[in-house]
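Worksheet for the structure shown next.
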2 protein chains.
Amino acid sequence: MAKLPTGAPTLADVAERAGVSRQTVSNAVNNPDLLRPDTLARVQDAIEDLGYVPNRAARNLRTRASHLVGLRMNPAQEFTANAAMDRFTHSLVETSREAGYHVLLFSGEPQDPVAGYDDLLRSTAVDAFVVTDTYLGNPQAAWLRERRATFVAFGRPWDDPGATHPWVDVDGAAGTEIATRHLIERGHDRIAWIGWRKDSWIGEDRRAGWSRTLKAHGLSTTGMASRVEDTVHSGREASAVLLDEARPSAFVCASDTLAMGVLHTLAERGLHPGRDIAVVGFDDSQVAQVVQPGLTSVRQPLELVAVEVVKALEGLLGAPPVTNEGVMLTPTLAVRGSS
Amino acid sequence: MAKLPTGAPTLADVAERAGVSRQTVSNAVNNPDLLRPDTLARVQDAIEDLGYVPNRAARNLRTRASHLVGLRMNPAQEFTANAAMDRFTHSLVETSREAGYHVLLFSGEPQDPVAGYDDLLRSTAVDAFVVTDTYLGNPQAAWLRERRATFVAFGRPWDDPGATHPWVDVDGAAGTEIATRHLIERGHDRIAWIGWRKDSWIGEDRRAGWSRTLKAHGLSTTGMASRVEDTVHSGREASAVLLDEARPSAFVCASDTLAMGVLHTLAERGLHPGRDIAVVGFDDSQVAQVVQPGLTSVRQPLELVAVEVVKALEGLLGAPPVTNEGVMLTPTLAVRGSS
DNA sequence: TTGAAAGCGCTAACAC
DNA sequence: GTGTTAGCGCTTTCAA
């Protein structure tokens, strides 16, 4: 009582108070079933009284684990993609907590896909990484693998389908397929596509869902597709051209950003989304939710992605390590006024 | 060459290779100017050769510092506020890195403002916190202060103006004042306000900027204000009522969400934002940027907030600790088609 | 079931 | 300027 805690109480303080050795306190915390019930109770009381919490640094040093998962924030990606990543980050933090992990955020030169990883890895600051920027292929994956780093990718290994690291991804083609079928069921048979440039794997994937669904229904894709930059302006121009040349009654877009461009074109022409022309976006961003009359949009199940990522992480970090290779999740469609 | 590193190289490995003591290597890393140039060069070569990076856990244990800053993610706040927080988080990560800190994300029961802080604090997992949810008053601040925790608040101590902890905030009233003046300069003299319920300090602050500016210009605020929930629907209803009863030619809103509601009402009535009725939002969200014809909006300088927060953090964590009490930043106005 | 000894990798304090 | 000693708080042997 006399001794005011100089800093936080340590294992030794608890041991003294409970009249046991330090080791016994350690066991009480980490392997409680090793203790006799009455000893355990006594130690737990002492822990309670002193407000003892194990020092992380000491524990980390000893166990060579930090219970931290590194996540790199990409300074600025595509517009809606960024918002989606933030949503994923929220989910990841939540899910990680339940698994006893915290998320360490870091950043690095956007140019260098590997910046920031190295230091954290070598200084053993994190136990594992969650890699999210595989949209540009995944040099990080190969790089991390080479260094025997533990990681899970959100995003499949586009450029190397034979890669053996664990990943979780959302099936973009399935998403646009759902969107396209939704439109076909609504009676549309001239459904246009506005997507990204051909060098985007994700973009080509999403496009494939649209085209294969049209073909499966015996509908033509000829002249119905456009590949542009991911900006509102591009979506607007592309939709104007398509409306003039192909006369579609509906648009499926690779992003909400492009879909907003379509809505602009419709507004200019006095056409009403949902009534005259249907529009579907991708990512279910805030924009989709608040714009008039609501933008139907493909929604990635990012909460589930986080759950699967953490599950994979736990497998990798467990003893013995368990690797489950790839998990593909299916998106849903948030139907709103625009379709 | 023969000895493949069993795990990472340590200080001792470098010392041996460079033919110096461990302490000298430590100095080479942390106080290079203590060494003779040639010794330093030799040690640095060895570090380079071995790819040595100091082990964080060991360093943390010894120095009682983690170089980690804790940031709690609020599961779900008001709609646009969440996006703003994400933007702040990005800036904070970036700025922290430059100061040698990483950001540790955690979460906690939304109900309990103090959840999650305690464990990180006592386990010395973080050196400091950045507290962002002061919009509900700041029980955390008092709580953290009591526990002698180091922290900086983003958000002033609304419920306790005498609080002495460091904080950084954006002057919401100044923001709406800029917005209102902008409208007055554009020739508007009937400017309505749509804001939040009276129990929101932030909301009242933003409202004050509007009302004081009108008064300063001899314009009336009577019947021109509405206090509602922060939803698109509420903004829409409130603006409809105001249009009918007060005939404003412009709206200033406490959020982009409310402003979107106004845009919906205008669309319903065939009125054109910017041409017939001006609208200004708050937070410069993505929505403001992509909606037709662009929503003029007050933009918080979150990058600067992050810089000031980190500056304050560095002060607090320095030796000796330096406390600079409060920093107030002024927002800017992103002018777009709606005004 | 509990305790004693050793050491994770680093740096603060001091001696040389 | 450089080396030696000690110890941060914890957990992993292993012995009692």
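First the proteins, then the strands, lettered A, B, ... as listed; each starts at 1.
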Atom CZ of A:R122 to atom P of C:dG9: distance rounded to whole Å?
16 Å

Without decimals, in angstroms, what is the distance between B:E16 CD and C:dG9 P?
14 Å

Do you know which of A:W167, A:F88, A:F129 makes ring-ring contact (aromatic ring centres under 6.0 Å, His included) with A:F154?
A:F88

Can you tell me if B:T124 and A:R56 form a side-chain donor-acceptor pair at under 3.5 Å?
no

Look at A:R62 and C:dG9 and indicate whether a side-chain polar atom (N or O) is within less than 4.0 Å of OP1 or OP2.
no

Nearest to the B:T63 side chain among C:dC8, C:dT2, C:dT11, which nucleotide is it?
C:dT11

Using atom CG of A:N31 as one end and atom P of D:dT11 as the other, report the distance to the nearest whole Å.
9 Å

Side-chain N or O of B:N30 less than 4.0 angstrom from OP1 or OP2 on C:dT11?
yes

Take A:N27 and B:T39, find for each the nucleotide of DNA chain D with the closest heavy atom, and name the residue whose nucleotide sits nearer the 5' end.
B:T39

Tell me whether the OP1 or OP2 atom of D:dT11 has a side-chain N or O from A:R59 closer than 4.0 Å.
yes

Which residue lies more 5' along DNA chain C, comparing A:D33 with A:Q23 via nearest heavy atoms
A:D33

Strictly below 4.0 Å: does B:T24 bring a side-chain N or O up to OP1 or OP2 of D:dG1?
no

Would you kindly give the CG-to-C1' distance between A:L34 and D:dT13, to the nearest whole Å?
14 Å

May I have the distance from A:N55 (atom CG) to D:dG7 (atom C1'), rounded to whole angstrom?
13 Å

Would you say B:N31's side chain and B:N27's backbone share a donor-acceptor pair under 3.5 angstrom?
no

Considering only NZ, NE, NH1 and NH2 on the basic side and carboxylate oxygens on the acidic side, decide whether B:E314 and B:K311 come within less than 4.0 Å.
no

Heavy atoms from C-beta onward define the side chain here; which of D:dC8, C:dG3, C:dC10 lies closest to that of B:R22?
C:dC10

Does D:dC10 have OP1 or OP2 under 4.0 Å away from a side-chain N or O of A:N60?
no

Aromatic centroids of B:F151 and B:Y117 separated by under 6.0 Å:
no

How would you label the contact of B:L11 with the nucleic acid (heavy atoms, under 4.0 Å): base, sugar-phosphate, or nothing?
base

Below 4.0 Å: OP1/OP2 of C:dC8 and any side-chain N or O of A:R64:
no

At 4.0 Å (heavy atoms only), tell me whether A:L61 reaches a base, stays on the sugar-phosphate, or touches nothing.
base

Of the nucleotides D:dT11, C:dT11, C:dG3, which one has an atom closest to the side chain of A:S26?
D:dT11

